There are 2 protein chains.
Amino acid sequence: MNQIRSMDKRLTKNQELVFGALTGTEGPQSAYTLLDRLRADGLRAPLQIYRALEKLIDLGLVHRLESLNAFVACSHPSCSDHSTVAFAICDDCGLVNEVADERLASNLKEVAVDYRFSLKQSIVELRGTCGDCAATSAKPQ
Amino acid sequence: MNQIRSMDKRLTKNQELVFGALTGTEGPQSAYTLLDRLRADGLRAPLQIYRALEKLIDLGLVHRLESLNAFVACSHPSCSDHSTVAFAICDDCGLVNEVADERLASNLKEVAVDYRFSLKQSIVELRGTCGDCAATSAKPQ
DNA sequence: ACCATATGTGTAATAACATTACGCACGCAA
DNA sequence: TTGCGTGCGTAATGTTATTACACATATGGT
């Protein structure tokens with residue numbers, strides 16, 4: 001929260017509102033969900049949300065989850081390489097775990113080299129069930 | 001084409017039309033692009049496309065590209081594990097290369113284990129520039 | 001033959017996600 | 001002061017995907 005606040009300095013009002021809405025809730029949120037939550041704060045149009053999200057993503061504060069059409073606040077905004085992050089998305093509870101695995105990142109880079117592909121961004125989204133949900137459904141009571 | 005034909009046997013008319021439209025063009029296509037191309041064949045509603053795509057994906061004949069909201073025919077329909085495939089998507093020419101890398105697949109499984117995540121599907125989409133496009137833009141003439 | 005079930009079809013309407021176009025405002029540097 | 005980059009607000013539109021309903025066909029069991 002302290003670190004987060006310190007980054008707010010450079011954010012505009014709309015960007016701060018959107019970022020606040022994302023950090024204030026666990027789990028990913030769609031642009032329109034954000035819009036609904038921020039109507040009370042004066043935001044009225046999708047574009048206001050999308051513009052803020054675009055900037056926040058540029059700044060590395062927010063990630064887009066392609067398979068969900070939704071957005072999450074970055075779990076470790078101070079980290080270096082935001083272009084290679086993976087997400088474990090629980091299809092049960094909807095929560096998302098941001099995974100930073102150095103071997104995975106370098107593995108993807110190698111694959112790109114093998115295929116003579118100039119890699120700009122890696123999208124890695126793991127779908128399945130998180131440990132908590134698996135435990136819960138295993139012991140129904 | 002011969003191999004493809006042999007698989008058509010189990011496909012319904014709509015599924016065959018959609019699969020044909022995907023294999024008959026290089027590069028990914030959106031559901032609505034497919035619909036437009038298939039209007040002449042009698043398809044009229046998005047749902048007809050989406051239903052066919054769903055089945056084709058189940059059968060492992062087609063992949064969905066999440067970051068593009070588009071679909072491609074699988075490059076190697078006979079291969080075993082369709083849950084872990086990667087795609088190299090060229091942002092220049094739009095072509096997609098299907099990547100089957102065993103190390104990447106096992107790496108993702110390891111990551112899932114590390115995070116106590118029960119993995120059902122891996123979405124891996126590499127964005128960047130393909131070798132051909134890189135070569136072309138390097139020599140502008 | 002009868003029924004149940006699973007799968008596929010067709011149409012219409014609507015929901016959900018995202019962008020384009022336009023005009024205005026502010027801060028800053030040439 | 002002018003020009004430029006960035007952000008803001010509004011409206012309209014474009015694109016992607018789903019829900020709801022009704023009907024059809026094939027299969028397998030009794």
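Throughout, protein chains are lettered first and strands after them, A, B, ... in sequence-line order, and every chain is numbered starting at 1. Just so you know, these numbers come straight off a predicted model, no measurement behind them.
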Measure the distance from [atom1] on [X] to [atom2] on [N] and round it to the nearest whole Å.
| X | N | atom1 | atom2 | result |
| --- | --- | --- | --- | --- |
| L34(A) | dA16(C) | CG | P | 15 Å |
| R10(A) | dT6(D) | CZ | P | 13 Å |
| L35(B) | dT9(C) | CG | P | 15 Å |
| D58(B) | dA6(C) | CG | P | 16 Å |

What distance separates N107(A) CG from S122(A) OG, expressed to the nearest 0.5 Å? 10.5 Å
Calculate, to the nearest 0.5 Å, the distance between atoms CG and NZ belonging to L119(A) and K109(A) respectively. 8.0 Å
Can I get a per-line list of side-chain donor-acceptor pairs under 3.5 Å for residues 86-97 of chain A, giving both atom names and the distance, sequence neighbours left out?
residue	atom	partner	partner atom	Å
D91(A)	OD1	R127(A)	NE	2.9
D91(A)	OD1	R127(A)	NH2	2.8
D91(A)	OD2	G128(A)	N	3.4

Should the heavy atoms of other residues, nucleotides or ligands under 6.0 Å from CD of E26(B) be counted, would the total exceed 12? no
Residue pairs meeting side chain to side chain donor-acceptor pair (under 3.5 Å), one or both in residues 38-59 of chain B, sequence neighbours left out, come to D36(B)-R39(B)
Evaluate the side-chain proximity of V111(A) to V124(B): yes if any heavy-atom separation is below 4.5 Å, no if none is. no
Spell out protein contact along nucleotides 7-23 of chain D as letters: B when the base is contacted, S when just the sugar-phosphate is, - when no protein heavy atom is under 4.0 Å; keep the 5' to 3' order. SBBB-----BBBBB---
